[in-house]
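Heads up: the structure comes next, in structure tokens.
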Number of protein chains: 2
Amino acid sequence: MNDKKQFTISELASSLEISPSTIRFYEEKKLIKPARTSGNQRIYTRKDRARLKLILRGKRFGFSLDEIAEIIGFWDVEVNEKSQIQKSLSYTDKRIEEVRLRRNELDLLEEDMRAMRTHLLNRLKELEQEERGSIK
Amino acid sequence: MNDKKQFTISELASSLEISPSTIRFYEEKKLIKPARTSGNQRIYTRKDRARLKLILRGKRFGFSLDEIAEIIGFWDVEVNEKSQIQKSLSYTDKRIEEVRLRRNELDLLEEDMRAMRTHLLNRLKELEQEERGSIK
DNA sequence: CATTAAGTTAAAGTTAACTTTAACTATAGT
DNA sequence: ACTATAGTTAAAGTTAACTTTAACTTAATG
């Protein structure tokens, strides 16, 4: 009862917490191609929404829009050409491998931040010791 | 025998595969503050190098330089103020939690890409079937 | 010691990813 | 039918993150 089948641009935008112009911008960049109403307004399906979510997810990992386009494909690219499919295929393979590497990096990042946290905590304790020493 | 203790800007740059100007730019943004020689040239220690690696790692996860600065601190910030330490501390806590969330997202991204891979493989098989059907 | 390579700053230039604006059209509610 | 709200395009504007350039200084090398 909750999920609709179609969305206007502002419905979609607010549900993804981005602005309508960002969505239009992605369309200009050929990342999505929504259907239109008789009056030329954009209508988005759940599929379009999923695609947008994918784009945003890619972004959160520091991929550029061009890279994202290479990963998920420009919307209008001939997806019936064997060569194009093979190209995309090898691209996704590369990216899946990259995701594996990113996971390792993520672990390192977490380690770094935990180390920093410990360091800060120690510094704080030191300062509190100093305070005790000098005040009373 | 391999690792030196000090680096010039170009040594450091090439070892991290970024340009010297990028490093200077990060300095302008107060993310690092290398020592100088008598002739005013920058010298980087292994510590500086570690800090830069951290910056680059953050970037790969889509953090902006400002965010990175908030995570690892501007170089000149008073690190002796209790309030500043507590601020940084709560910031790292938030970010560690975020890393946990990112890990989940990373899993989703991998899932998406595997699904796309399968989809592309199927499409490729279909096309090869069609070829067989029509050519011979 | 002269020349080449590398470093320095300040300022201007570039690119990606949006955002804003202006002028206009479509849709929904009373 | 009127009006408010939402949508449309094309073009200009903005911001972050660099990069390039120019004019100059320092360091390394035959």
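On a predicted model such as this, the values are computed, not experimentally measured, just so you know. Letters go in sequence order (proteins before strands), and every chain restarts at 1.
Looking at B:Glu97 and B:Arg100, a side-chain N of the basic residue comes within less than 4.0 Å of a carboxylate O on the acidic one, giving a salt bridge. Using a 4.0 Å cut-off between a side-chain N of Lys or Arg and a carboxylate O of Asp or Glu, A:Glu126 and A:Arg123 qualify as a salt bridge.
Checked by atom type and distance alone, the side chain of A:Arg102 pairs as donor or acceptor with a backbone atom of B:Arg60 at under 3.5 Å. Panel note: side chain A:Asp48, backbone A:Thr45; a donor-acceptor pair is recorded below 3.5 Å.
A salt bridge (Lys or Arg N to Asp or Glu O under 4.0 Å) with A:Asp112 holds for exactly one of B:Arg95, B:Arg51, B:Arg57, B:Lys53; it is B:Arg57.
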N/O to N/O distances under 3.5 Å, protein versus nucleotides 19-23 of chain D:
residue, atom, partner, partner atom, Å
D:dT19, OP2, B:Ser19, OG, 3.0
D:dT19, OP2, B:Thr22, OG1, 2.4

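When the C1' atom of D:dA27 is taken as reference, atom CD1 of B:Ile9 falls 15 Å away, rounded to whole Å. Rounded to a whole Å, the CD atom of B:Gln41 is 7 Å from the P atom of C:dG7. Separating the CD atom of B:Glu28 from the P atom of C:dA10 is a distance of 8 Å, rounded to the nearest angstrom. Remark: C1' of C:dT27 and CD of A:Glu11 are 13 Å apart, rounded to the nearest angstrom. In this structure, CD of B:Glu70 is placed 13 Å from P of D:dA16, rounded to the nearest angstrom. Atoms CD (A:Glu67) and P (C:dT15) sit 17 Å apart, rounded to a whole Å. Between the CZ atom of A:Arg36 and the P atom of C:dA26 there is a distance of 13 Å, rounded to whole Å. Distance OH (B:Tyr44) to C1' (C:dT8): 11 Å, rounded to an integer number of Å.
Residue contacts for A:Arg24: at a heavy-atom cut-off of 4.0 Å it reaches a base atom on one of the strands shown.
OP1 or OP2 of C:dG7 has at least one side-chain nitrogen or oxygen of B:Ser10 nearer than 4.0 Å. Contact check, B:Arg42 against C:dG7: no side-chain N or O comes under 4.0 Å of OP1 or OP2.
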